[in-house]
2 protein chains.
Amino acid sequence: MNIGEASKQSLLPTKTIRYYEDIDLIKPARTHSGYRDYDEKDVHRLRFLQRSRSLGFTIEECRLLLSLYDDGNRASADVKVIAEAKIAEIDRKVTELESLKLTLAALAKNCHGDDKPDCPIIDDLAGLRDH
Amino acid sequence: MNIGEASKQSLLPTKTIRYYEDIDLIKPARTHSGYRDYDEKDVHRLRFLQRSRSLGFTIEECRLLLSLYDDGNRASADVKVIAEAKIAEIDRKVTELESLKLTLAALAKNCHGDDKPDCPIIDDLAGLRDH
DNA sequence: CTTGACCTTCCTGTTGCATGAAGGCTTAGT
DNA sequence: ACTAAGCCTTCATGCAACAGGAAGGTCAAG
């Protein structure tokens with residue numbers, strides 16, 4: 001099948017599929033005229049990539065996961081370690097975002113939000129307020 | 001003062017300060033020999049940028065906030081709108097991350113994490129499991 | 001045999017800087 | 001006066017993960 005069909009089946013844009021080939025994540029066959037020619041295994045790889053990317057794994061993590069996918073003898077522990085590291089990373093990000101939110105919410109709360117120029121948010125950003 | 005001193009006072013790396021000049025966020029004076037020459041007002045601008053960036057505002061949002069900072073007659077409501085939009089954006093990100101975490105945690109929980117090849121995480125990514 | 005949908009490669013742009021090259025300026029020490 | 005360290009300058013390139021578009025080749029249908 002050509003790249004358009006592979007795109008539909010894998011839910012990945014053609015641009016992304018070509019990019020993945022560029023960085024050696026997948027190597028489809030080529031037709032006589034040079035068109036990329038994907039088989040079912042290729043589509044499975046692409047779906048694997050689509051799923052792992054959508055779960056927040058980076059390209060390099062996906063590359064690692066793919067190599068484990070390819071290795072029928074990998075230990076499940078190796079995979080679990082990656083997943084748990086990603087979970088910890090997500091936790092860190094959430095914590096940081098919550099902290100930012102608290103700060104912004106405190107600033108917004110003190111701001112009248114009217115048409116007057118007095119604005120605690122700007123004052124804070126300018127370093128004019130106590131911390 | 002030269003860029004090194006401005007960097008210390010603003011907590012921004014010199015590379016970042018030059019970059020901000022490149023994208024027209026700040027325009028310091030120049031000495032006879034071509035060195036950038038920052039005054040107190042410049043340092044205030046830089047600190048303003050440092051604070052707003054650290055609160056998660058994008059460069060373009062910072063540009064907007066700076067223009068409000070420069071405009072002594074701005075309405076505080078204009079600033080509040082930006083802050084609240086950012087808070088909403090943070091909420092969206094947190095929600096998405098929590099959702100990812102739930103999915104990953106469910107996968108990891110089912111994975112034995114031993115030295116056997118059977119791995120529910122890989123199976124899921126490969127699309128071999130029900131959803 | 002032409003139209004139009006699909007395909008190809010290649011180049012540039014995105015965000016917010018970081019890294020490094022090649023060279024000029026300044027200041028302190030000898 | 002000279003020199004070495006440590007500033008400073010500009011310009012070019014790279015990162016992640018693609019997206020958009022130009023210029024041109026290919027394929028199936030009418």
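None of the values given here were measured: they were computed from a predicted structure. Labels below follow one simple rule: chain letters A, B, ... track the order of the sequence lines, proteins then strands, and each chain is numbered from 1.
- With hydrogens and angles disregarded, a donor-acceptor distance shorter than 3.5 Å links the side chain of B/D42 to the backbone of B/D39.
- Looking at heavy atoms from C-beta onward, A/V43 lies in side-chain contact with A/R47 at the 4.5 angstrom threshold.
- Atom CG of A/L55 is separated from atom P of D/dA17 by 15 Å (rounded to the nearest Å).
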(message) Pair B/E98, B/R92 - check salt bridge (Lys or Arg N to Asp or Glu O under 4.0 Å), show working.
(response) CA-CA 10 Å; B/E98 294 289 11; B/R92 281 193 300 276; over 6 Å; no
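- A side-chain donor-acceptor contact under 3.5 Å links B/S52 to the backbone of B/F48.
- Judged by distance alone with a 3.5 Å cut-off, no donor-acceptor contact links the side chain of B/K15 to the base of C/dG16.
- Under the 3.5 Å distance criterion, with hydrogens and angles disregarded, no donor-acceptor pair is assigned to the side chains of A/T31 and A/D37.
- The separation between A/L12 atom CG and D/dA19 atom C1' is 14 Å, rounded to whole Å.
- Taking atom OH of residue A/Y19 and atom P of nucleotide C/dG13, one finds them 18 Å apart after rounding to whole Å.
- Remark: P of C/dT14 and CD1 of B/I59 are 14 Å apart, rounded to the nearest angstrom.
- Atom CE of A/M1 and atom P of D/dA28 are 16 Å apart (whole Å).
- Rounded to a whole Å, the CG atom of B/D24 is 15 Å from the P atom of C/dG16.
- The residue among A/P13 and A/H32 whose nearest nucleotide of DNA chain D is located toward the 5' end is A/P13.
- Residue B/I23 is grouped with residue B/Y69 when hydrophobic side chains (ILVMFWY) are merged at heavy-atom distances under 4.5 angstrom, including chains of intermediate members.
- With DNA chain D read from its 5' end, the first of the two nearest nucleotides for A/T31 and A/Y20 is the one closest to A/Y20.
- Residue A/F57 contributes atom CZ, which lies 17 Å from atom C1' of D/dA17 at whole-angstrom precision.
- Here the side chain of A/K27 pairs no donor or acceptor atom with the backbone of A/E21 at under 3.5 angstrom.
- One can place CD of B/E21 at 12 Å from C1' of D/dT10, the figure rounded to the nearest angstrom.
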Are there any protein N/O atoms within less than 3.5 Å of an N/O atom in nucleotides 5-8 of chain C, and if so, which ones and at what distance?
unit_1, atom_1, unit_2, atom_2, d
C/dC7, OP1, A/N2, OD1, 2.9
C/dC7, OP1, A/N2, ND2, 3.3
C/dC7, OP1, A/I3, N, 3.4
C/dC7, OP1, A/G4, N, 2.5
C/dT8, OP1, A/R36, N, 2.8
C/dT8, OP1, A/R36, NH1, 2.9
C/dT8, OP2, A/R18, NE, 3.2
C/dT8, OP2, A/R18, NH2, 3.0
C/dT8, OP2, A/R36, NH1, 3.3
C/dT8, O5', A/R36, NH1, 3.3

